[in-house]
Amino acid sequence: MAHPIVVKGAFCMPHVTTSFANNDKAFYSCKFQVSKFNSTLQFSGKAWALQCPGEPRLKSKSKVWMSVQQVTTKSKVSVTPLNLEDAKDPPLNLYRPKEPYTATIVSVESLVGPKAPGETCQIVIDHGGNLPYWEGQSYGVIPPGENPKKPGTPNTVRLYSIASTRYGDSFDGKTATLCVRRAVYYDPVTGKEDRSKNGICSNYLCDRKPGDKVKITGPSGKVMLLPEDDPNATHIMIATGTGIAPFRGYLRRMFMEDVPSFKFGGLAWLFLGVANTDSLLYNDEFTEYANQYPKNFRYDTALSREHKNKRGGKMYVQDKIEEYSDEIFELLDKGAHIYFCGLKGMMPGIQDTLKRVAEERGESWDERFSQLKKNKQWHVEVY
């Protein structure tokens, strides 16, 4: 609905905070800060989306029609059982390779669009509440069959970061979600798929159907646990591809779930690197958090086949880190945690970028890196 707004001596310009008086008694007064010509107004404490067409310059006591739409914040989701918050230490290795837990597949669905270079699937697994875990941990999966490298022995365990909170996507503490890219090998000469060299476990998982059984071990891992001693801390998360998994769990805990004992009031900043728009994982979830919690969540993507870095080359996550390096270094100086998850090949480029930025700032990266690890601010899980 459009409302006539009387503007007192103001201009609709970028970065200007303006006070309004309005003839409509339902709103009384409003304030807004314009960063672009699409912004948010505050009418009597309520948020509304603003469309400011063009670049109008308004004289004192001018009247202008503006279209406003209220910005709503979704209620958080209730979770059970809350006794999952009671443990002082994370669960570790409740089930081992020799005696794995037999879980049930709930669903398998593709997470990417048709132009993504490869398929990535979300696999939801029902563990019946018998295989609890914390955000940032991993499950092991044992595919059926023999180990091709050791005939006569079973396949080895493959680890996958869990992409859900301890309550699972059903919010009842009985499921876990994995984010798995199907590993397919193409012969460099013929260009044809060579199934004998395809990833055994990733294809096994992506081919499962609801009701299928799967052998699970774990949970394992402590390096990527989300520190919760300070609910107002800053968390900088850098992911490539399926390395998004633990961060999805973090963010659902921070912004989606209603956990009485954990109320996040800090800053979560996610950098996600993938090939193109169709390859973005959980983009709708992250975009919604950014819209609902703009003061607490920032979301940046690096699309290597669509974006260019400042040197004209492909845009990777390390280029985004360099773009925001001053802010990132300042946040680290203030105690922010920084996390990296994805293919191990991501780290050399990131480390080189951080070292170059530090040197440009007249700092020693080696000293800073050592201090970050000493302070337990540096968290890495690559595979």
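Start at 1 with the first residue, then count along the sequence.
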Any donor-acceptor N/O pair, Thr153 side chain to Lys150 backbone, under 3.5 Å:
yes

Between Ser364 and Asp366, is any side-chain donor less than 3.5 angstrom from a side-chain acceptor?
no

Side-chain contact test, heavy atoms from C-beta onward, threshold under 4.5 Å: evaluate it for Val259 versus Glu85 and give yes or no.
yes

Has Arg96 got more than 12 heavy atoms of other residues, nucleotides or ligands less than 6.0 Å from its CZ?
no

In Å and rounded to the nearest 0.5 Å, what is the CZ to OG distance from Arg361 to Ser325?
6.5 Å

Using a strict 4.0 Å threshold on nitrogen-to-oxygen distance, state whether Asp126 and Lys213 make a salt bridge.
no

Is a salt bridge present between Asp319 and Lys308, judged by a nitrogen-to-oxygen distance below 4.0 Å?
no

Side-chain donor/acceptor of Ser161 to backbone N/O of Pro246, under 3.5 Å:
no

Tell me whether the count of non-hydrogen atoms from other residues, nucleotides or ligands lying under 6.0 Å of NZ in Lys115 goes above 12.
no

Look at the rings of Tyr133 and Tyr139 and say which category their plane angle falls in: under 30° parallel, 30 to 60° tilted, over 60° perpendicular.
perpendicular

Classify the ring geometry between Phe340 and Trp378 as parallel (under 30°), tilted (30 to 60°) or perpendicular (over 60°).
tilted

What is the distance from atom CG of Leu205 to atom CD1 of Ile200, rounded to the nearest 0.5 Å?
12.0 Å

Backbone N/O of Gly221 and side chain of Gln137: donor-acceptor pair under 3.5 Å:
yes

Determine, step by step, whether Glu193 and Asn198 satisfy the side chain to side chain donor-acceptor pair (under 3.5 Å) criterion, reporting the C-alpha distance in whole Å, the side-chain angles of both residues, the deciding distance to 0.1 Å, and the verdict.
CA-CA 8 Å; Glu193 179 182 346; Asn198 284 351; 2.6 Å; yes

Going through the checks in order, is the side chain to side chain donor-acceptor pair (under 3.5 Å) test met by Thr287 and Asp284?
CA-CA 5 Å; Thr287 300; Asp284 289 347; 5.5 Å; no

Calculate, to the nearest 0.5 Å, the distance between atoms NE2 and NZ belonging to His379 and Lys222 respectively.
13.5 Å

salt_bridge(Glu322, Lys310) N-O dist < 4.0 Å
yes

Is it possible for you to check whether Arg298 lies under 6.0 Å from the centre of the six-membered ring of Tyr324, through NZ or CZ, and within 45° of that ring's axis?
yes

Set of residues satisfying side chain to side chain donor-acceptor pair (under 3.5 Å) with respect to His127, sequence neighbours excluded
none

Are Val180 and Arg182 packed together at the side-chain level, in the sense that at least one heavy-atom pair is separated by less than 4.5 angstrom?
no

Tell me whether Trp269 is reachable from Leu251 by hopping between hydrophobic residues (I, L, V, M, F, W, Y) whose side-chain heavy atoms are closer than 4.5 Å.
no

Return yes if some donor-acceptor pair links the side-chain N/O of Asp212 with the main-chain N/O of Lys209 below 3.5 Å, else return no.
yes

With a sphere of 6.0 Å drawn around NZ of Lys76, does it hold more than 12 non-hydrogen atoms of other residues, nucleotides or ligands?
yes

Atom CD in Glu288, atom CZ in Phe255: separation rounded to 0.5 Å?
12.0 Å

Main chain of Pro151, side chain of Glu146: is a donor-acceptor contact present, judged purely on distance under 3.5 Å?
no

I'd like to know if the side chain of Asn130 pairs up with that of Tyr101 as donor and acceptor (distance under 3.5 Å, no hydrogens or angles considered).
yes

Is the distance between the ring centroids of Phe264 and Tyr293 under 6.0 Å?
no

Keeping the roles fixed (side chain from Glu119, backbone from Arg181), state whether a donor-acceptor pair exists under 3.5 Å.
no

Note, Pro148 side chain near Asn155 side chain (heavy atom, < 4.5 Å):
yes

Got Val223 and Val380 here, is their nearest side-chain heavy-atom distance under 4.5 Å?
no

The reported gap from CH2 in Trp134 to CZ in Arg253 (rounded to nearest 0.5 angstrom) is 9.0 Å

How far does CG of Leu267 sit from CG of Leu331, to the nearest 0.5 angstrom?
6.5 Å

Go through the steps to decide whether Trp365 and Glu359 satisfy the test side chain to side chain contact (heavy atoms under 4.5 Å, CB included), and finish with yes or no.
CA-CA 7 Å; Trp365 171 246; Glu359 290 173 349; 5.8 Å; no

With under 30° as parallel and over 60° as perpendicular, where do the rings of Phe286 and Tyr289 fit, or are they tilted in between?
tilted

Check the pair Tyr339, Tyr250 against ring pair (Phe, Tyr, Trp, His ring centres under 6.0 Å), reporting the backbone distance first and the verdict last.
CA-CA 11 Å; Tyr339 311 79; Tyr250 295 175; 5.3 Å; yes

Decide yes or no for Leu159 and Ser220: does some side-chain heavy atom of the first lie under 4.5 Å from some side-chain heavy atom of the second?
yes

Could you tell me whether Asp187 and Lys197 make a salt bridge, using a distance below 4.0 angstrom between a side-chain N and a carboxylate O?
no

Is there side-chain contact between Ser110 and Gln122, with at least one heavy-atom pair below 4.5 Å?
no

